[in-house]
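We name chains A, B, ... by the order of the sequence lines, and we start the count at 1 in each one. Reckoned from all heavy atoms, side chains included, excluding hydrogens, waters and symmetry mates.
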Protein chains: 2
Amino acid sequence: VRALSTTVSDRTEGELIATIQAQLRPAPSWIAVGIGDDAAVVEPERNRLEVLTVDAQVDGVHFDRHFVPADAIGHRALAVNLSDIAAMGAEPRLALLSLALPADWPLEDFERFAEGFGRLAAAHGVHVVGGNLTRTPGPLVIDVTVIGSVKRRAVLARRGARAADAVFVSGAIGSAAAGLSQLRQFGPDAPINACIERYLRPEPRVRLGTLLGRNRAASACMDLSDGLAEGAHQLAAASGVGIAIDAGVVPIEPDARAWSERCGRDPVVDAVTGGDDYELMFTCRPRLGGRFRTVARQCGLTLTNVGVCTADGLVSLERDGRSEPMPRGYGHFR
Amino acid sequence: VRALSTTVSDRTEGELIATIQAQLRPAPSWIAVGIGDDAAVVEPERNRLEVLTVDAQVDGVHFDRHFVPADAIGHRALAVNLSDIAAMGAEPRLALLSLALPADWPLEDFERFAEGFGRLAAAHGVHVVGGNLTRTPGPLVIDVTVIGSVKRRAVLARRGARAADAVFVSGAIGSAAAGLSQLRQFGPDAPINACIERYLRPEPRVRLGTLLGRNRAASACMDLSDGLAEGAHQLAAASGVGIAIDAGVVPIEPDARAWSERCGRDPVVDAVTGGDDYELMFTCRPRLGGRFRTVARQCGLTLTNVGVCTADGLVSLERDGRSEPMPRGYGHFR
């Protein structure tokens, strides 16, 4: 088989690194040694804790390069990590980018990937201080490590919720799952709509997370990478509470609802089990409503009270006056 | 095809994480939030810079799980990162472990992997604060991020060498390449010898790196992941000098030399182009020999003066009174 177009294997490692660097902003003075040495050397921020996360995106598992444009692959690979940083109440600061590249990946896609990654990094003031490039005989794998920082008193975690705390979600859920379903059905030429855009280029809720932390408005917080249902199970388990979600108020975009109905599926079940929205779910003490209102005014997002923490340890979906066990979300293994 | 033995896909993500955690030491007090939340939260060390590196190991590229035992896969995945930290003069502190697992990986191998990783982490006081698990339709990919710390005055980099500086390497080179060549030829039942052991379980030179940094004994330093030849090219380029390596004094283990000769190959070329030894190469100012001797006494390794930095910008191998261009080492891309 002859290569019909230029691929990453037509470039040296140095040339590929230069392509990525061309998308990055100049290194600030707190980076003592940046890309190009055995490791990066940076000055930590004073009087702040560090927040660290790593997430991998695998072609054919987390995305499909046949219908996800390369710039969106780059955007998503960073966004999923920024969302984790946001869920802790922290501000992202730096990233490491590790890529396992199949030899046949078109060079143009690699360039678009670097653009998408670099654009989101710039939007959040994130500096790429290092990384790794390797070839792979398998699918494209993108591993991103992001480090942020947060004041000790502003740290959010999954474990602080108590019975009677109110449960909130930001924005709308189920949109990304509807978008993915449409991309799978119609392929890369699917007419772009809000659901598809949400799947391709999710907006990590960094501003909301830092506002919740700074104002001490949330007793627990996590991001909804695997969906509201899975998130409710995990937050409940970490905090030792139950969670009852009111199906009637779950915020679902009209387009996502319409897509579920067109497919003959239950829009609420689709919305709570669908992942990839990267909204935040958080809990608030019932008496601290003033703090919540401060955050709600400043964050620029709709925040919906979707349920309440309970003492019974059960995670349930309340609909039409009845309580159903909350379904489980997506898991990579058994 | 029916699964004949238990594989990672027979376990939940939580069970796999628990398997890894069972190999780790208890979290110290500077880890405020560890494994199990959206991200880890740690307290940075005071008055030190942070050193960050990420390296990926891909089955079929960096190792082959048909002849590399699973504990050695875990050992190597961490060792290559510790070596990068050592090359900067830093002490490793924490790690993030991201795994893309093929569904057919035997559970027993996963457990051995966790043991090998955990054992080396414990030996170097490295705490795993988080990570990521995903399945993959492709080969096993292990991405490890390691963060260490170093005092500002002790930072080593590739860029500080000047003409007339002496060039040193630690230990012996070419052993790991000879070991890999034997494993490829004889398979997993190859009789274990020093070369094979060096390939399977390289010892990152952390003590040497920190001694060089603390004593300000080295003007430049890097690790030899891609071999001495490639290292010489890279250090020379970063420092803007030439490097002349004396072929007659390159330290080669007798077993590695014998293997090259048996294969009808040039032992010196094999040794300088062979990677995976994870020795350090460093340069010393000619007038600071006292500092070098302090390090040499304390590091417990043979340090060999293999050459000198030159003003001519050429990277050469001097043998039998003649100067040859230094070959290039391994590159993943063109």
Side-chain angles (χ1 to χ4, degrees), chain A residues 8-13 15-16 32-33 36-45 49-56 58 60-62 84-85 87-88 90 94 96 98 100 129-139 141 143 145 147-148 150 152 155 157-159 222-223 238 331-334, chain B residues 8-13 15-16 32-33 36-45 49-56 58 60-62 84-85 87-88 90 94 96 98 100 129-139 141 143 145 147-148 150 152 155 157-159 222-223 238 331-334:
Chain A
V8 289
S9 43
D10 296 313
R11 291 290 177 272
T12 65
E13 190 171 333
E15 287 166 343
L16 295 175
V33 179
D37 216 301
D38 288 54
V41 183
V42 308
E43 218 166 315
E45 284 177 288
L49 298 183
E50 277 185 320
V51 180
L52 307 96
T53 187
V54 62
D55 245 314
V58 180
V61 179
H62 303 88
D84 283 327
I85 297 288
M88 308 302 287
L94 60 88
L96 298 159
S98 178
V129 301
N132 191 67
L133 285 183
T134 175
R135 62 185 171 84
T136 176
V141 179
D143 243 288
T145 300
I147 301 179
V150 61
R152 186 181 292 271
V155 173
R158 296 181 179 183
R159 64 193 173 201
M222 68 181 291
D223 83 328
H332 276 297
F333 297 93
R334 198 196 67 197
Chain B
V8 290
S9 44
D10 296 314
R11 291 289 177 274
T12 65
E13 191 170 333
E15 287 166 344
L16 295 175
V33 178
D37 215 303
D38 288 56
V41 183
V42 307
E43 217 166 314
E45 285 178 287
L49 300 182
E50 278 185 319
V51 181
L52 309 96
T53 185
V54 62
D55 243 314
V58 180
V61 179
H62 303 88
D84 283 327
I85 297 288
M88 307 302 288
L94 60 87
L96 298 160
S98 179
V129 302
N132 191 67
L133 285 182
T134 176
R135 63 185 171 83
T136 177
V141 179
D143 242 288
T145 301
I147 301 179
V150 62
R152 185 181 293 273
V155 173
R158 296 181 180 183
R159 64 194 173 200
M222 68 180 293
D223 83 328
H332 276 299
F333 297 94
R334 196 196 70 195

Closest heavy-atom contact between B:P139 and A:G138? CD-CA, 3.5 Å
Of A:D84, A:T53, A:L52, the largest count of non-hydrogen pairs under 4.5 angstrom with chain B goes to A:L52
Shortest non-hydrogen contact between A:P44 and B:L49, atoms and distance: CD-CA, 4.2 Å
Using non-hydrogen atoms and a 4.5 Å limit, figure out which bit of A:M88 sits close to chain B: side chain, backbone, both or neither. side chain
For the candidates A:A40, A:P137, A:G148, A:G131, which exhibits the highest count of non-hydrogen atom pairs separated by less than 4.5 Å from chain B? A:A40
If I measure from the heavy atoms of chain B, does A:V155 come under 4.5 Å with its side chain, its backbone, both, or neither? side chain
Of all heavy-atom pairs between B:H62 and A:T134, which one has the smallest distance, and what is that distance? CE1-OG1, 3.0 Å
Tell me, side chain or backbone of B:T145 under 4.5 Å from chain A's heavy atoms, or both, or neither? side chain
A:D38 side chain vs B:D223 backbone, donor-acceptor pair below 3.5 Å: yes
Can you see which heavy atom on A:V33 is nearest to which on B:R159, and at what distance? CG2-NH2, 3.7 Å
Could you tell me which portion of B:A238 (side chain, backbone, both or neither) has an atom closer than 4.5 angstrom to a non-hydrogen atom of chain A? neither
Check each atom of B:V58 against the heavy atoms of chain A and say whether the ones under 4.5 Å are side chain, backbone, both or neither. side chain
What option among A:D143, A:V51, A:V141 has the most heavy-atom pairs under 4.5 Å with chain B? A:D143
Taking B:N132, B:D55, B:L96, B:V129 one by one, which has the highest count of heavy-atom pairs under 4.5 Å against chain A? B:N132
